[in-house]
K.L.:
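Sharing a structure with you now.
In what follows, chains carry the letters A, B, and so on, assigned in the order in which the sequence lines appear, proteins first and then strands, with residues in each chain numbered from 1.
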There are 2 protein chains.
Amino acid sequence: MEIKEFKDKFEQALSKNESIVFFCNCEIKYSGRAEAFLARGDRIIIVKGDNTVLVHQPEGSSPVNYMKPNSKLELVKHKKHLILKCQNLDYKDYLDIEIFRVYNFMNHKLEDGLKLELAGNEKDMSDMIKAKPELISNDFKPLSREEHTKFGFIDVFGHDKKGNMVIVECKRYTASLQCVTQLRRYVEKISELKGVSISKVKGIMASPSISPNAKEMLEKWKFKWVQVNPPKRLERYSKDQKSLVEW
Amino acid sequence: MEIKEFKDKFEQALSKNESIVFFCNCEIKYSGRAEAFLARGDRIIIVKGDNTVLVHQPEGSSPVNYMKPNSKLELVKHKKHLILKCQNLDYKDYLDIEIFRVYNFMNHKLEDGLKLELAGNEKDMSDMIKAKPELISNDFKPLSREEHTKFGFIDVFGHDKKGNMVIVECKRYTASLQCVTQLRRYVEKISELKGVSISKVKGIMASPSISPNAKEMLEKWKFKWVQVNPPKRLERYSKDQKSLVEW
DNA sequence: ATATAGATCTCGTCA
DNA sequence: TGACGAGGTCTATAT
């Protein structure tokens, strides 16, 4: 595509806050929270209506470069080609896309605004444990599923029949060393705030699995691991679609 | 665009491992590591040559849905429209994009393979501290910048003139509670492995800033915070471009 | 394959 | 706005 035609189309679409995608050959410089350089190659450039910019290489999930929403965009001439200059003053981020060739260009006003409904996250997991405390132990009585309280971000808080406080930390994936130190931090904080001996505050890690080193550290701190899998409320979707077309 | 035309173009581009982008009105179901549903709306769909799939809404940086590389893709008819069925057996991920309308379609064989050169990350920061230990203190003698050793993933390890061991944890952003617990874990591990009193192992947090609670915890554990900014080796790029076109 | 930790993380939530 | 933690995190690296 001719540079002139691209420039006209791009600027018109940009002014109307349309979504824009183009394939091009380009070189990229980034300066801001870090510094980056990407030599000439073919890439997919996405410019959204909120002035988000994404640069994707032809492989991989993550963008190789990007600019956050509300960036200022300007297409300027440089020698015989163009530079898409992007700046985000909030983050002090600057991105230059030097465009040598444009293969394809596409623009359209897109209407959405809907939000993804997601199930099977950590919150669902702690809800499940609060509702079915026997998943932890027959001894466990949950009192609250509190987040963002003065006691911290504890997933499930309760006590046992022996009068101990019990703190449950949920992880939807394999529990790591970091997860155990997080649990330890909560146990120490509760012990401090409530003025209770640390031996009276029990830490429980609830996760589908746990790494060997995490297990070792857990045992060193007299915490316990309980195997719990995250729930999947919307599993009917995958079942429905299996009945339509077999995977 | 007509459904028939879209199907032909898509399947041909897919078979040639070209990069594909289209704007469409669609509904999305995901089942795998979690479960998700996104009702009808306009989105940007990206299919890369390695069978990565990205679904973007018209605003925001992150994809609302995605499939990792090497997914199996199939476009099947459903009533009067199409479903792009994606499956990734490695991750047991399944994504259905029910396509009601296609506004624009674009495909092209893209050639790249270059890697981003990035400066200003945590590794650069620990390299800098190793080279300029006076950034930490006049007393600090770095011995190693080790990662992934038997001692753990310590950023910079060394000692001071008083014969204490010194562990430096670098963060390129505001140090949080989690960062301090990480440092604490390393200090405890070194103390254990080397058979040295914990009072003889000094913990240093090096970061551009630190949160109040993290600072409090740091002091409780007798660690110290040193303000260090991540280096920006490639800053010349932004200077160059400033001389070309003023921001 | 698993374990570990960084990331221009991004995103939501709350004080 | 900063602080804090989750994420279908993703990605790189070492074991």
Side-chain angles (χ1 to χ4, degrees), chain A residues 30-36 52-53 55 60-69 88 90-95 115-116 118-126 146-150 152-155 169-179 182 185-186 209-215 230 232 234, chain B residues 30-36 52 55 60-69 88 90-95 115-116 118-126 146-150 152-155 169-179 182 185-186 209-215 230 232:
Chain A
Y30 163 73
S31 176
R33 285 165 291 170
E35 309 285 324
T52 298
V53 179
V55 180
S61 306
S62 300
V64 68
N65 281 110
Y66 56 90
M67 290 290 279
K68 295 203 174 196
N88 191 305
D90 294 342
Y91 290 88
K92 290 173 189 163
D93 276 336
Y94 301 91
L95 185 72
K115 281 205 172 181
L116 188 76
L118 195 133
N121 54 14
E122 206 176 279
K123 189 173 169 297
D124 289 329
M125 207 169 154
S126 60
E146 33 186 5
E147 302 182 72
H148 308 280
T149 71
K150 57 178 172 173
F153 302 77
I154 292 162
D155 290 333
E169 176 61 32
C170 304
K171 293 294 165 189
R172 61 187 311 286
Y173 46 86
T174 304
S176 66
L177 284 167
Q178 204 171 61
C179 303
Q182 189 181 349
R185 178 152 56 88
Y186 295 156
S209 58
I210 186 165
S211 77
N213 287 340
K215 188 99 194 298
K232 293 186 179 183
L234 304 179
Chain B
Y30 163 75
S31 176
R33 283 165 289 171
E35 308 288 323
T52 297
V55 180
S61 307
S62 301
V64 68
N65 280 111
Y66 56 89
M67 291 291 278
K68 296 202 173 193
N88 190 304
D90 294 342
Y91 290 88
K92 289 171 188 164
D93 277 335
Y94 301 90
L95 184 73
K115 282 207 168 177
L116 188 75
L118 195 132
N121 55 14
E122 206 176 278
K123 190 173 169 296
D124 289 330
M125 210 170 150
S126 61
E146 27 185 9
E147 302 181 73
H148 308 281
T149 71
K150 57 179 172 174
F153 303 77
I154 293 162
D155 290 333
E169 177 60 33
C170 304
K171 293 293 166 192
R172 64 184 312 287
Y173 46 83
T174 303
S176 66
L177 283 168
Q178 207 171 57
C179 301
Q182 189 183 349
R185 178 153 57 86
Y186 295 156
S209 58
I210 186 164
S211 77
N213 287 341
K215 189 95 193 300
K232 293 186 178 181

K.L.:
Side chain of A:S211 only, please: which of D:dG7, D:dG5, C:dT4 is the nearest?
P.N.:
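Side chain of A:S211 sits closest to C:dT4.
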K.L.:
Does B:R172 reach the main-chain N or O of B:M125 with its side chain, forming a donor-acceptor pair under 3.5 Å?
P.N.:
no
K.L.:
Measuring from the side chain of A:L118 (C-beta onward, heavy atoms only), which nucleotide among C:dT8, D:dC4, D:dG8 has the closest atom?
P.N.:
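Between C:dT8, D:dC4, D:dG8, the one nearest the side chain of A:L118 would be D:dG8.
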K.L.:
Using the side-chain heavy atoms of A:P212, tell me which of these nucleotides is nearest: D:dG8, C:dA3, D:dA3.
P.N.:
C:dA3
K.L.:
By nearest atom, which of the nucleotides C:dG12, D:dG8, D:dC4 is closest to the B:N65 side chain?
P.N.:
D:dG8
K.L.:
Under 4.0 Å: is that the gap between some side-chain N or O of A:K171 and OP1 or OP2 of D:dA6?
P.N.:
yes
K.L.:
Side chain of B:K68: nearest nucleotide among D:dG5, D:dG7, D:dC10?
P.N.:
D:dC10
K.L.:
Starting from the 5' end of DNA chain D, give me the residue, A:E122 or A:D90, whose nearest nucleotide shows up first.
P.N.:
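Here A:D90 is the residue nearer the 5' end.
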K.L.:
Would you say A:Y66 places a side-chain N or O within less than 4.0 Å of OP1 or OP2 belonging to C:dT10?
P.N.:
yes
K.L.:
Identify the heavy atoms of A:P69 and B:G60 that sit nearest to each other, and give their distance.
P.N.:
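Where A:P69 meets B:G60 most closely, the heavy atoms are CG-CA, 4.4 Å.
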K.L.:
What integer distance in Å separates A:Y173:OH from C:dT2:P?
P.N.:
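In whole Å, C:dT2 P lies 16 Å from A:Y173 OH.
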K.L.:
Expressed as a whole number of angstroms, how long is the span from A:L116:CG to D:dG7:P?
P.N.:
13 Å
K.L.:
Quick check for you: among C:dA3, D:dG7, C:dG6, whose closest atom lies nearest to any side-chain atom of A:N213?
P.N.:
C:dA3
K.L.:
Just compare D:dT9, D:dA6, D:dG5 and give me whichever is closest to any side-chain atom of A:R185.
P.N.:
D:dG5
K.L.:
Measure from the side-chain heavy atoms of B:Y186 and tell me the nearest of C:dA7, D:dC10, C:dA5.
P.N.:
C:dA5
K.L.:
Let me know the distance between CD of B:Q178 and P of D:dG5, rounded to the nearest Å.
P.N.:
7 Å
K.L.:
Give a yes/no on whether any side-chain N or O of B:S61 is located under 4.0 angstrom from OP1 or OP2 of C:dT10.
P.N.:
no
K.L.:
Do A:T52 and B:S61 have a side chain donor and acceptor closer than 3.5 Å?
P.N.:
no
K.L.:
Could one point to a donor on the side chain of B:N121 or the base of C:dT8 with an acceptor on the other under 3.5 Å away?
P.N.:
no
K.L.:
Quick one: which of D:dA3, D:dT11, D:dG5 gets closest to the side chain of B:T174?
P.N.:
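Given the options D:dA3, D:dT11, D:dG5, the side chain of B:T174 is closest to D:dA3.
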K.L.:
Could you list the residues that satisfy side-chain contact (heavy atoms from CB on, under 4.5 Å) with B:A214, not counting sequence neighbours?
P.N.:
B:V180, B:I210, B:S211
K.L.:
With sequence neighbours excluded, what pairs up with B:D93 under the side-chain contact (heavy atoms from CB on, under 4.5 Å) test?
P.N.:
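By the side-chain contact (heavy atoms from CB on, under 4.5 Å) rule, B:D93 matches B:Y30, B:R33, B:M67, B:N88, B:Y91.
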K.L.:
With respect to the side chain of B:R172, which nucleotide from D:dG8, C:dG12, C:dA7 is positioned closest?
P.N.:
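Minimum distance to the B:R172 side chain belongs to C:dA7.
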K.L.:
Taking atom P in both C:dC11 and D:dT11, what distance in whole Å separates the two?
P.N.:
16 Å
